[in-house]
Novice: 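I'd like to ask some things about the structure below.
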Amino acid sequence: MSIDEEQLEKEFDKSRQVNLATAVLLDWWQNKVLVVLILSVLASAYGVIYYAWSNRQLNSEMQKLLEEKDKLDIDWRHMLLEHNALSEHSRVEHIARGQLGMVRPSGEQEKVIKIK
């Protein structure tokens, strides 16, 4: 073969080659329904992943809040016990007599005040 024939053959092969991007786009255009279905499946998969992640985040936050609630409940119970212990009548009377020097008034010392 001569050089001219080789060049002609190369140019003929180049003209027969199809651009890959054009071929892919043409194939997609011919199968529009399939492309729409594939995109729908991908969008649905993304949605499932996003909502699963969101659900895990909310569950994690809920667990933290429940733990905090439990701690506050325990603190509340301790406060109630402390309040009951500090407000016990015998304790209050003991402090009133010992530290403040208070005594229970006798019948003659009591005065009744009537409001009209």
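Throughout, numbering of the chain's residues begins at 1 and tracks the sequence. The analysis underlying the following values was restricted to heavy atoms, covering all of them including side chains, and did not include hydrogens, waters or symmetry mates. Treat the numbers as computed from the prediction; the structure is a model and nothing was measured.
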Novice: Kindly work out whether a path of hydrophobic side-chain contacts (I/L/V/M/F/W/Y, heavy atoms less than 4.5 Å apart) joins Leu72 to Leu66.
Specialist: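 Leu72 does not cluster with Leu66.
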
Novice: Look at the aromatic rings of Trp53 and Tyr50 and report parallel, tilted or perpendicular, splitting at 30° and 60°.
Specialist: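 Rings of Trp53 and Tyr50: tilted, as their planes differ by 30° to 60°.
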
Novice: So, taking the atom named CG in Leu26 and the one named OG1 in Thr22, what distance separates them when rounded to the nearest 0.5 Å?
Specialist: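 If we round to the nearest 0.5 Å, Leu26:CG and Thr22:OG1 are 6.5 Å apart.
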
Novice: Side chain of Ser87, backbone of His83: donor and acceptor closer than 3.5 Å?
Specialist: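 Looks like yes, one N/O pair under 3.5 Å.
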
Novice: If you round to the nearest 0.5 Å, how far is CG of Asp75 from CG of Leu80?
Specialist: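 Reported to 0.5 Å precision, the distance equals 11.0 Å.
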
Novice: Would you confirm whether Ser40, through its side chain, and Val36, through its main-chain N or O, come within 3.5 Å as a donor-acceptor pair?
Specialist: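 Such a contact is found between Ser40 side chain and Val36 backbone.
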
Novice: What I want to find out is whether Lys71 reaches Glu67 closely enough, with some N-O distance under 4.0 Å, to be called a salt bridge.
Specialist: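 No salt bridge links Lys71 with Glu67.
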
Novice: Within this structure, what is the CH2-CG distance for the pair Trp76 and Leu81, rounded to the nearest 0.5 Å?
Specialist: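 Going from CH2 on Trp76 over to CG on Leu81, the span is 11.0 Å.
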
Novice: To the nearest 0.5 angstrom, please state how far the CG atom of Asn55 sits from the CE atom of Met62.
Specialist: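 Separation between the atoms: 9.0 Å.
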
Novice: Could you point out which residue of Val35, Val41, Leu34 forms a side chain to side chain contact (heavy atoms under 4.5 Å, CB included) with Ile38?
Specialist: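 Only one of Val35, Val41, Leu34 forms a side chain to side chain contact (heavy atoms under 4.5 Å, CB included) with Ile38, namely Leu34.
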
Novice: Given 3.5 Å as the limit, does a donor-acceptor pair link the side chain of Gln63 with the main chain of Ser60, or not?
Specialist: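 Answer holds: no.
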
Novice: To the nearest 0.5 Å, how far apart are CD in Gln99 and NE2 in His94?
Specialist: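 Between atom CD of Gln99 and atom NE2 of His94 there are 7.5 Å.
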
Novice: Examine distances only and state if a side-chain atom of Asn31 and a backbone atom of Asp27 form a donor-acceptor pair shorter than 3.5 Å.
Specialist: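 Side chain of Asn31 to backbone of Asp27, a donor-acceptor pair under 3.5 Å: yes, one is there.
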
Novice: If you look at every heavy atom in Val92 and Leu86, which pair is closest and at what distance?
Specialist: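 That closest heavy-atom pairing would be CG2-O, 4.0 Å.
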
Novice: With a 4.5 Å cut-off on side-chain heavy-atom distances among I, L, V, M, F, W and Y, is there a chain of contacts connecting Leu58 to Leu65?
Specialist: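 No.
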
Novice: Hey, what do you get for CG (Leu37) to NZ (Lys32), rounding to the nearest 0.5 Å?
Specialist: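 One gets 13.5 Å once the value is rounded to the nearest 0.5 Å.
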
Novice: In terms of hydrophobic clustering (I, L, V, M, F, W, Y; side-chain heavy atoms under 4.5 Å; direct or indirect links), are Ile95 and Val103 co-clustered?
Specialist: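 Shared cluster, no.
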
